[in-house]
> 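Mind having a look at this structure? Questions to follow.
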Amino acid sequence: AGRKDFWKLPGGMVDAKEDFCDAAVREVLEETGVHAIFECLGAIRETHKGPFGSTDLYGICVLRVDPEKHADATPKPVPQESEIAAAEWRDLAEFLSAPWYAK
């Protein structure tokens, strides 16, 4: 992102004919190596100036760590080198109070 201490949630586009829930789980696994289970949709934003001149729906999903894949400990996220510079667990209040997200 080119900004100091700028963090984003894992994410990406839903593939053709892919379920929204499956896409969220796939993106987290691809970008962090963390196996997760979809819980629910937490928020959604719509814009009519999306990629490729289309309407864009951006969803924030609530996921939890898959206990069958990460039974012993909280997994250490491993960044997908081709897309992101770093990956780590962040405190939610601290994340949301960053100048990029604070209201």
> If hydrophobic clusters are built from ILVMFWY residues whose side chains come within less than 4.5 Å, do Val28 and Phe38 share one?
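Val28 clusters together with Phe38.
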> So, His70 side chain and His35 main chain: donor-acceptor pair closer than 3.5 Å or not?
yes
> Hydrophobic cluster membership, with links at side-chain heavy-atom distances under 4.5 Å among I/L/V/M/F/W/Y: are Met13 and Leu57 in one?
no
> Do side-chain atoms of Glu46 reach the backbone of Thr55 as a donor and acceptor pair under 3.5 angstrom?
no
> What's the spacing between Asp15 CG and Glu27 CD if we round to 0.5 Å?
7.5 Å
> Does the side chain of Tyr58 come within less than 4.5 Å of Thr47's, by heavy atoms?
no
> Under a 3.5 Å distance rule, please check whether Ser54 uses its side chain to pair with a backbone N or O of Gly50 as donor and acceptor.
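It does not hold such a pair.
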> Could you check if a side-chain atom of Trp7 sits within less than 4.5 angstrom of a side-chain atom of Glu88, using non-hydrogen atoms only?
yes
> Looking at Leu41 and Phe20, what are the two nearest heavy atoms and their distance?
CD1-CE2, 3.6 Å
> Looking only at heavy atoms, what is the nearest atom pair of Val14 and Ala23, with distance?
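Scanning both residues completely, I find the closest heavy atoms to be CG2-CB, 3.7 Å.
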> Please verify the inter-ring angle class for Tyr101 with Phe6; under 30° counts as parallel, over 60° as perpendicular, anything in between as tilted.
parallel
> So which atom in Leu63 and which in Ala36 form the shortest heavy-atom distance, rounded to 0.1 Å?
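The answer is CD2-CB, 3.6 Å.
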> Identify the two heavy atoms, one from Ala87 and one from Val78, that lie closest to each other, and give their separation to 0.1 Å.
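Residues Ala87 and Val78, closest heavy atoms: CB-C, 4.4 Å.
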> Identify the two heavy atoms, one from Pro75 and one from Val65, that lie closest to each other, and give their separation to 0.1 Å.
CD-CG1, 3.8 Å
> I want to check something: taking the side chain as every heavy atom from C-beta on, are Pro10 and Leu29 in contact at a cut-off of under 4.5 Å?
no
> Nearest 0.5 Å, please: how far is CD1 in Ile37 from SG in Cys21?
12.5 Å
> State the CD-CZ distance between Glu39 and Arg64, to the nearest 0.5 angstrom.
4.5 Å
> About how many Å separate CD of Glu18 and CZ of Arg26, when rounded to the nearest 0.5 Å?
4.0 Å
